[in-house]
2 protein chains.
Amino acid sequence: MSVTIKDIAAELGISATTVSRSLKDDVRITKEVRERVKKLARKMGYRPNLMAKSLVSNRTETIGFLVDNLSWSFFSELAECVQNAAEKHGYSVFIYSSQKNAERERAGVESFLSRGIDGLLIFATEAKENEDFYGELAEMSIPVAYFNHFDPMNVNCVTTDDYDGARKAMKHLKELGHRKVGYIGSREDSSFKRQRLAAYLDAVADYGWDIVPEWVALQEDDPLYGYRAAKEWLSSGGDKPSAIFAQNDMLAFGVCRAVAELGLRVPQDVSVIGYDDLDMCMSLHPPLTTVKIPLKQLAESAIRFLVERIGTEKSEDDVRLKTTFSPNLVIRQSTARYEG
Amino acid sequence: MSVTIKDIAAELGISATTVSRSLKDDVRITKEVRERVKKLARKMGYRPNLMAKSLVSNRTETIGFLVDNLSWSFFSELAECVQNAAEKHGYSVFIYSSQKNAERERAGVESFLSRGIDGLLIFATEAKENEDFYGELAEMSIPVAYFNHFDPMNVNCVTTDDYDGARKAMKHLKELGHRKVGYIGSREDSSFKRQRLAAYLDAVADYGWDIVPEWVALQEDDPLYGYRAAKEWLSSGGDKPSAIFAQNDMLAFGVCRAVAELGLRVPQDVSVIGYDDLDMCMSLHPPLTTVKIPLKQLAESAIRFLVERIGTEKSEDDVRLKTTFSPNLVIRQSTARYEG
DNA sequence: ATTATTTATGCGAACGTTCGCATAAAGTAG
DNA sequence: CTACTTTATGCGAACGTTCGCATAAATAAT
């Protein structure tokens, strides 16, 4: 099968220990021997067996990353950032997609744990039934960090201030003169949704915008619900919103589609704001005004935390991580002054 | 630290062997004992150590998946399919993003090999400098499959017939009366690009379309090059293409953006066809006509192959895998009859 | 020359499993 | 009641590393 340290040792007539030490450039071994070993190892195609190494060291140099659904751009962009950040510290990333399923979420974590990952990074479903599970996880010796806003829970979080981000979007609309603003989001309860919706509702109240209950559309999780909700609003006979704030960019794209299909234009007839700032925002028409989630910073911050915690004994006076970035509004071409 | 089989054995006053066997419901152990062991294991929070298991069994129940760039929708959608397919057979997937870098590609495979993955699934960069590397990989005892069209090489491939797919797109344009068709693709040389471009060039020749050398735009890999190329063509004073075939959907979105920015409409003024059929095609305006890559079938076929090969001794008369799916054109609303 | 110190290497256990083989206990046949 | 089979469990090695401790050889100090 594959070449082991023993094969090299046998070939050279030395002990496995010496080979092991030579390969990691241990000064106790003469330079001469070290070179010979490394040369032969290369020649024989030696590849260290990480499982054997892990068994004794209790380290895998791997971080488990649990996401909602890898096929969604937001998560895959984040995953790429996580992988890059981890790599800088010499860690690999094992990604698992829970598909927003609470049971799979637990199964994924179990799998990670069995694999002996050194740290855990979670974008949680926030399913009610998993709350105890998140709690148990926090008690474990392995470091865990969440990208969620788990305020009341005793867990480590790295997030953006979504209330602030959404508020910036609302302020932008106010400054453009909008007073008829709709909100499209997911029905599912999550910390993200709560913050973004709260900022919208507060803005409606604070700025004295028109209050139209139907202009808050919370639908099932479906890539097309932004499209459908916007189409309904805009094709109705009555009063129509002049601006629409979508809970994420994909929803906003759907809104843009609805606007275009009705022969209207973004932003002249309807302003649209998204949330996330996906890479493709720049490739679409019109380039979307959106709240930028700083994926790179989030990933690096979370990974740095995990890497620092890994290997340090867990103690009572460990500070809880609570890093919050303030997101920026990226103004592009999907928002314009309201001439009403 | 964590609970081991020995802890359970000690607690129950039996041997580790019996515990191990009880946990896998070995009939040699009395039902009574098995139950007691399983109950205690649950109570103690026992989690099997997959590294230890792998060391002896030489199996990790893991498949390594190497992609170009996980943050691109095409790859993340494919990755999700791969994970689902693998899971059906009890395998996990370790994803590594090479970022289209030949060196990282090799490093990724090395990392997989060190981790002892059971099978390897590769979306290769096709870098010239890695050709030897792909060859060596094929010689190894571990099963490997590619999503690339590696025709001349002695490797296992699961692909779609991209010539056929692109040809279907071209036929559609011809039937709509187009004669002025542009092609936008990546400059980088790859089997995918070659097939799609060849189908376009053949169509131009076979159908007697206008031959305008500038209408083949091969640019650097940049999410915005579809936009830029289309903008240049359409804003020039001279003859303009009535239809544009983009090598992938993201490029096609950029084309649509360029059309819209110039005050023109898709499909009334310019027809646009993409390739891939990303999920978001339905969320954008206009819903894109595109060639659908059957990701689910590709993933399932590749995984099935790997799973079957895993554990069977490699032999000379192993048939080489060469599965090719014929992709379908999905006609949506970005293509229309040419009234020229 | 003897002892102490340094330097270079090796032995053997350990990590948490699995698995072949042995053993002990119980059951069946003569 | 001996011999033979079946059933239930345990022993110990193995997987490929690493690491503490020992040993042997070489050098330095007395």
Side-chain angles (χ1 to χ4, degrees), chain A residues 1-38 40-41 44-62 110-111 113-118 141-142 311, chain B residues 1-38 40-41 44-62 110-111 113-118 141-142 311:
Chain A
M1 281 265 115
S2 57
V3 184
T4 76
I5 239 171
K6 284 184 189 163
D7 299 330
I8 301 178
E11 191 79 16
L12 251 35
I14 59 179
S15 77
T17 309
T18 305
V19 174
S20 171
R21 288 186 182 138
S22 296
L23 290 172
K24 42 184 48 163
D25 250 329
D26 192 311
V27 284
R28 286 178 297 180
I29 308 297
T30 18
K31 206 150 203 157
E32 203 182 26
V33 177
R34 273 185 274 164
E35 289 311 318
R36 280 210 301 153
V37 168
K38 285 193 276 183
L40 183 63
M44 293 175 76
Y46 169 75
R47 245 180 289 273
N49 181 322
L50 257 39
M51 280 152 295
K53 199 178 276 196
S54 300
L55 238 203
V56 30
S57 70
N58 207 22
R59 285 285 147 71
T60 53
E61 253 86 69
T62 306
E110 285 297 333
S111 159
L113 261 18
S114 266
R115 293 195 131 75
I117 49 128
D118 298 336
S141 60
I142 182 179
Chain B
M1 283 263 115
S2 56
V3 184
T4 77
I5 239 172
K6 284 184 189 163
D7 299 331
I8 301 178
E11 192 78 18
L12 251 35
I14 58 180
S15 77
T17 309
T18 305
V19 173
S20 172
R21 288 185 181 137
S22 295
L23 290 173
K24 43 184 46 162
D25 250 327
D26 191 314
V27 284
R28 286 177 297 179
I29 308 297
T30 19
K31 205 149 204 162
E32 203 184 27
V33 177
R34 273 186 274 165
E35 289 311 319
R36 279 209 302 152
V37 168
K38 286 194 277 185
L40 183 63
M44 292 175 76
Y46 169 76
R47 244 179 290 271
N49 182 324
L50 257 40
M51 280 153 293
K53 199 179 276 195
S54 300
L55 240 203
V56 30
S57 70
N58 208 22
R59 285 286 149 68
T60 53
E61 253 86 68
T62 306
E110 285 298 333
S111 160
L113 260 19
S114 267
R115 293 197 132 75
I117 49 126
D118 298 335
S141 60
I142 182 178

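All chains are named by letter (A, B, ...) in the order of the sequence lines, taking the proteins before the strands, and each is independently numbered beginning at 1.
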Enquirer: Which residues satisfy the side chain to side chain contact (heavy atoms under 4.5 Å, CB included) test with A/Ser15, sequence neighbours excluded?
Expert: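 Testing A/Ser15 for side chain to side chain contact (heavy atoms under 4.5 Å, CB included), a comparison that skips the adjacent residues, returns A/Thr17, A/Thr18.
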Enquirer: Any side-chain N or O of B/Lys53 below 4.0 angstrom from OP1/OP2 of D/dC15?
Expert: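 For B/Lys53, the contact criterion (side-chain N or O under 4.0 Å from OP1 or OP2 of D/dC15) is not met.
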Enquirer: What contact category does B/Lys24 fall into here, base, sugar-phosphate, or nothing, at under 4.0 angstrom with non-hydrogen atoms?
Expert: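 If one applies the 4.0 Å heavy-atom cut-off, B/Lys24 turns out to touch the sugar-phosphate alone, with no base involved.
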Enquirer: Between C/dG16 atom P and B/Leu23 atom CG, what is the distance in whole Å?
Expert: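 Distance check: B/Leu23 CG to C/dG16 P gives 15 Å.
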Enquirer: So do B/Ile8 and B/Met44 actually touch side chain to side chain, heavy atoms under 4.5 Å?
Expert: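 Side-chain contact under 4.5 Å: yes.
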Enquirer: Given atom CD of B/Glu32 and atom P of D/dT7, what is their separation to the nearest angstrom?
Expert: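 Distance check: B/Glu32 CD to D/dT7 P gives 17 Å.
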Enquirer: Look at all strands and tell whether B/Arg59 reaches a base, only sugar-phosphate, or nothing, counting heavy atoms closer than 4.0 Å.
Expert: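 Result for B/Arg59 = nothing.
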Enquirer: Can you sort out the partners of A/Arg28 under side chain to side chain contact (heavy atoms under 4.5 Å, CB included), two or more places apart, ordered by chain and number?
Expert: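 By the side chain to side chain contact (heavy atoms under 4.5 Å, CB included) rule, A/Arg28 matches A/Arg21, A/Asp26.
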Enquirer: Quick one: B/Asn58 CG to C/dT18 C1', roughly how many Å, whole number?
Expert: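 Going from B/Asn58 (CG) to C/dT18 (C1'), I get 13 Å.
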Enquirer: Measure from CG on A/Leu55 to C1' on C/dC15 and round the result to the nearest Å.
Expert: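 My rounded result for the distance is 5 Å.
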Enquirer: Any non-hydrogen side-chain atom of B/Leu50 less than 4.5 Å from a side-chain atom of B/Glu61?
Expert: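 Sidechains of B/Glu61 and B/Leu50: no contact.
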Enquirer: Can you tell me the distance, in whole Å, between the CG atom of B/Leu113 and the P atom of D/dG16?
Expert: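 These atoms are roughly 15 Å apart.
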Enquirer: Is B/Leu113 close to B/Ile142 at the side-chain level, that is, under 4.5 Å between some pair of heavy atoms?
Expert: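 The answer is yes, as the side chains (C-beta and beyond) meet within the 4.5 Å cut-off.
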Enquirer: Taking protein heavy atoms under 4.0 Å as touching, what does nucleotides 5-14 of chain C look like 5' to 3' if B marks base contact, S marks sugar-phosphate-only contact and - marks none?
Expert: ---SBBBB--
Enquirer: Could you go through B/Val19 and B/Tyr46, starting from their C-alpha distance and side-chain angles, then the distance that decides it, and tell me whether this counts as side-chain contact (heavy atoms from CB on, under 4.5 Å)?
Expert: CA-CA 11 Å; B/Val19 173; B/Tyr46 169 76; over 6 Å; no
Enquirer: Quick one: label A/Arg34 by what it contacts on the DNA or RNA (base, sugar-phosphate, nothing), any heavy atom closer than 4.0 Å.
Expert: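 No contact at all - A/Arg34 keeps every heavy atom at 4.0 Å or more from the nucleic acid.
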Enquirer: May I have the distance from A/Glu61 (atom CD) to D/dT17 (atom P), rounded to whole angstrom?
Expert: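 The answer, rounded to whole Å, is 15 Å.
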Enquirer: A/Ile5 and A/Ala16: which non-hydrogen atoms are nearest, and at how many Å?
Expert: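 Heavy atoms only, the tightest pair is CG2-CB, 3.7 Å.
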Enquirer: Atom CG of B/Leu50 to atom P of C/dT17: distance rounded to whole Å?
Expert: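 So the two atoms are 10 Å apart, to the nearest Å.
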Enquirer: Write down the distance between CD1 (B/Ile8) and C1' (C/dT17), rounded to a whole number of angstrom.
Expert: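 So the two atoms are 12 Å apart, to the nearest Å.
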